[in-house]
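See structure below.
Hydrogens, waters and symmetry mates play no part in the numbers below; they use all other heavy atoms, side chains included. Here the structure is a predicted model, which is why all the values come from computation and not from measurement.
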Amino acid sequence: MIEDLSDEIFCEIFDYLEGYVIFHAFSNLNNRFQSLLSSPLTRLNLNDNDIDDRAKRIFLDNYTDILCYHQHQIVSIHSSSLENTQLIALTINFDQSFQHLQSLALYSIELESLLPLLYHLSSLPRFIALTVDLSTEIGNQAEIYQLILNLPKLKYLKYRAADSNDFNITIPLAIPTAQQFTSIEYLNMDHPCCAKDLFTVLSYTPKVRHLKLWNPITKDVDLKAIEAMKLTSLRTVSIEIYQMSYDEFEIFIKKLPSRQLNSLSLDIHHDDILYLDAYRWEYFLQENLPQLEKFYFKYYVYFSENYDTPMYLGDQNQFSSAFWLERQWVFKVENDCTDLIYSIQPYRPKWYDYAAKSVDLSKSVKFKVANSSPEYWTKTITIIEYIHHALTVTQIHHLEFSSMVTLEKLNEILILLPDVKTLTLLTLYFSDQSYISEDELRLISLMFHTKCLEKIFLRKMEQMVDLFFLILISSRIGHLQVKCNDYRHAESMVGLILTDIKPKIDNSLRTLSFTLEKFEQNVIENLTKMIDEHKLLDGYIIEKAKNEIYIKWK
C-alpha cells in the first residue's frame, strides 16, 4: 500500500515533482501528508517552464500558500512566464527565510524589480545559480553587474539584457581587488558588450570554467592593448560573433588562456570570408589551442537581392586535410531561407557508414537542404546560388533533404553535384498520390540511369506512390533504407522489394535496411522466416544496430 511507504521515500519522489504539483496532489489527503509537506526533509522546486493552462492554474492556486508558509523548503524558483515573473517580483521578499534557495530564473523582469531582488539575494547562504532575462533597455549595466558579482556563493550566471540600436551596452566597472573575486564557474553574457568592458568583468571571475559570449564588440577597441586574462580554470568557450573580423578574433581569443581550452564553439554572422580559410585555422589552432579536443564552428553566408554575398576564392576542400581528418572534425554545409551555413563538428557515424570497412572522412562532406526553393522568400535567389557558393569551398559527397522536394528540383540539384554518393529524402512530391506519371517516370529513369548514387534513405512513406518509387529505383542502387511505421509495414516493404529485384539479373541492391521507432519481439526471427518461406534471398544475414535492421547479401 502507498501509505506504508516511509517519509524518506516520499521525499525522494517529491524531488522529481514540481512544488506546486506536490501541494495540489498531497496537501488535502490526510494529516500525515500535511505534516510531511512541512517537514524539513521536503524540498520544493517551483518551475513553470512549458506548462499548459491547467498546470498554470494549479501553479497559481498553490503559489501563495507555498511562499507564505514554506519559504525555508524552496530550493529553486524558475519562471519562463512574464505574468509569473511579475508575480514573483511583486510578492516575494527574498529574505533569510529562503535559507535553502539555490537557483532562481526569471524571464523578462523589469529593472525596478531586479535591483532590489539582487540586493536581497546576497544574504542567502546557499544561493548558487542565477538566470535573468532583463526586459528594460538600459545602456549602462554597471550597477546590475556589481550587484550580481557581489553574490557571495554564485557559481552559475546566465544574464540576458535587452539591447537596442539606439545605444551600446556598457559595463564601466573598476578593476577588482582580490577580495572582490567571485566564485562564478559558468558565465553566459547573453548580450552585446564592448570587448574592453567584457575583459573587466572577466577579471572578477578567476574561477570561471565555462564562458559563453554573445556579440563581443571590438569597434574602437585596441585589442592588443588589453591585458591577457589569468583564468586558469577556463576550459570551454562559446562565442556568437556579429561584429568581429577574423583577424580581430585571433587577437581576442589569445587574450583568454587559450592554450588550456579543450572546447571551442563559434557561431559567426560576419561577412569576413577569411573565416573559411582552413589553412589559417589550421595554423592558428595548432599554435594557440594545442589541447583543443572539441571544435564546433558555424559560419553563416547571407543571401539577398540587395546584398553582395562575399565569395570564397581559396582552394577547394581545405577542410579535408590531414589536420582535420586526424581529429575527426568533419565539414558540413546546409541552407535555410536566407543563409548558407558552413559547419565543423566531431564525426558521428551516419546511416550510410554502416558496414563500411573504413570510413573515408575526406569524402564525408554533407549538404543538408532545409529549403530547396529559397526563391519563395528571396525572389531571385535560387538553390543554384547556394550550391555554386558551396562548391567553391568543398566537394559534396552526401545530400540530405529535410523537407519535401520535387523530382524536377532533385534532378536539377543532382546534376550540379556529380560527386554525391548518398541521398537522404524526407519525401518526394508527385503530381498524384496513387501513381507515377509518364513524365515523372522519364525523370526518375534519367536521374538513376548511372551508378553514381550508391545509397538512398527515404524517411517518410505516406503514399502509395512512395512505394512505387522505391520499387523503381531499388535495383539500381547498392543500399536502400526506409523508415517504417511498424513491423508490419517493414515486412511488407521487404517482401515487395525483394520480390521485385529477384528476377533482375543486373540489380545492384545488396543491403536493405529499415528504421523502426519501436521494435517488437522476434523481429529478426520473423523476417528470416518470411524470407526463407518465399525463397526471396540466399546467403543473407540480418543484423540489428540500435533502432535499425539491416538485411545484407552478396
Can you list the steps and then say if Val420 with Leu453 is a side-chain contact (heavy atoms from CB on, under 4.5 Å)?
CA-CA 7 Å; Val420 165; Leu453 281 173; 3.7 Å; yes
More than 12 heavy atoms of other groups within 6.0 Å of Lys368 NZ
no
Just wondering, are more than 12 heavy atoms of other shown residues or ligands nearer than 6.0 Å to OH in Tyr312?
yes
Under a 4.5 Å cut-off applied to non-hydrogen side-chain atoms, are His388 and Leu416 in contact?
yes
Ser403 (side chain) donor-acceptor with Ala370 (main chain) under 3.5 angstrom
yes
Do side-chain atoms of Lys350 reach the backbone of Arg348 as a donor and acceptor pair under 3.5 angstrom?
yes
Could you measure the distance from the CD1 atom of Ile549 to the CZ atom of Phe514? Nearest 0.5 Å is fine.
5.0 Å
For a quick check under 3.5 Å, do Thr528 and Glu525 share a side-chain donor-acceptor pair by atom type?
no
Does atom OH of Tyr307 have more than 12 heavy-atom neighbours from other groups under 6.0 Å away?
yes
Working note: Lys483 + Glu517, criterion side-chain contact (heavy atoms from CB on, under 4.5 Å); need CA distance, chi angles, decisive distance, verdict.
CA-CA 9 Å; Lys483 184 173 183 179; Glu517 293 184 2; 3.5 Å; yes
Minimum-distance pair of heavy atoms, taken over all atoms of Ser474 and Ile497
CB-CG2, 3.8 Å
Please lay out, stage by stage, how Leu498 and Trp553 fare under the test side-chain contact (heavy atoms from CB on, under 4.5 Å).
CA-CA 11 Å; Leu498 293 182; Trp553 63 95; 3.9 Å; yes
In Å, rounded to the nearest 0.5 Å, how long is the span from OH of Tyr352 to CD of Glu454?
12.5 Å
Answer yes if the side chains of Ser103 and His78 hold a donor-acceptor pair under 3.5 Å, and no otherwise.
yes
Lys502, NZ: over 12 other non-hydrogen atoms inside 6.0 angstrom:
yes
Salt-bridged, Glu491 to Arg488, with N to O below 4.0 Å?
no
Is there a side-chain contact between Asn335 and Ile387, using heavy atoms and a 4.5 Å cut-off?
no
Any donor-acceptor N or O pair under 3.5 Å, side chains Tyr540, Asp532:
yes
If you count heavy atoms of other groups shown closer than 6.0 angstrom to NZ of Lys552, is the number above 12?
yes
Smallest heavy-atom separation, Leu417 atom then Phe367 atom, equals CD1-CD2, 4.3 Å
Side chain to side chain, Val393 and Phe331, heavy atoms closer than 4.5 Å:
yes
Compare all side-chain heavy atoms of Leu289 with those of Phe295 and state whether any distance is below 4.5 angstrom.
no
Taking C-beta and beyond as the side chain, do Leu266 and Tyr299 meet within less than 4.5 Å on heavy atoms?
no
If we ignore angles and hydrogens, is there a donor and acceptor under 3.5 Å between the side chains of Asn262 and Glu293?
no
Once you round to the nearest 0.5 Å, how far does CG of Leu516 lie from CG of Asp486?
7.5 Å
Donor-acceptor check, side chain of Gln318 to backbone of Asp277, threshold 3.5 angstrom: yes or no?
no
Ignoring hydrogens, what is the shortest heavy-atom contact between Ile436 and Phe469? Give both atom names and the distance.
CD1-N, 3.9 Å
Spatial distance of atom CZ (Arg209) from atom CZ (Arg235) [nearest 0.5 Å]
6.5 Å
Is Lys294 atom NZ crowded by more than 12 heavy atoms from other residues, nucleotides or ligands, each under 6.0 Å away?
no
Output for pair (Leu496 CG, Leu536 CG), nearest 0.5 Å, gives 10.0 Å
Of Trp324, Tyr275, Trp329, which is the lone residue that meets ring pair (Phe, Tyr, Trp, His ring centres under 6.0 Å) with Phe319?
Trp324
Glu462 and Thr427: side chain donor to acceptor below 3.5 Å
no
Answer yes or no: does atom NZ of Lys155 have more than 12 heavy-atom neighbours from other residues, nucleotides or ligands under 6.0 Å?
no
For Glu240, all residues meeting side-chain contact (heavy atoms from CB on, under 4.5 Å), sequence neighbours excluded
Trp214, Tyr242, Asp267, His269
Would a 4.5 Å heavy-atom cut-off, applied to side chains only, mark Arg476 and Ser508 as touching?
no
May I have the step-by-step check of side-chain contact (heavy atoms from CB on, under 4.5 Å) for Thr515 and Gln481, ending in yes or no?
CA-CA 8 Å; Thr515 303; Gln481 176 151 327; 3.2 Å; yes
Below 4.5 Å, heavy atoms only, C-beta onward: do Ile456 and Phe448 meet side chain to side chain?
yes
In the structure I gave you, are the side-chain heavy atoms of Phe401 and Ser372 within less than 4.5 Å of one another anywhere?
yes
Considering all heavy atoms, the nearest Ala490-Cys484 contact
CA-SG, 3.6 Å
Rounded to the nearest 0.5 Å, the OH atom of Tyr429 sits from the CD atom of Glu408 at a distance of 9.0 Å
Got a sec, which residues hit side-chain hydrogen bond (donor to acceptor under 3.5 Å, both in side chains) with Tyr342, two or more places apart in sequence or on another chain?
His389
Expected output: side-chain His398 to main-chain Lys363 donor-acceptor under 3.5 Å:
yes
According to the interplanar angle, ranging from 0 to 90°, do the rings of Tyr354 and Tyr550 count as parallel (below 30°), tilted (30 to 60°) or perpendicular (above 60°)?
parallel
Can you give me the closest heavy-atom contact between Tyr347 and Pro349, atom names plus distance?
OH-CA, 3.3 Å
Without hydrogens or angle criteria, can the side chains of Ser79 and Thr85 be said to hold a donor-acceptor pair below 3.5 Å?
yes
Is it the case that more than 12 heavy atoms not belonging to Met464 sit under 6.0 Å from its CE atom?
no
Do Thr424 and Glu400 have side-chain N/O donor and acceptor atoms under 3.5 Å apart?
no
Heavy atoms only: give me the nearest Ser434-Phe468 pair and the separation to one decimal.
O-CE1, 3.1 Å
Any sub-3.5 Å donor-acceptor pair from Lys544's side-chain atoms to Lys546's backbone N or O?
yes
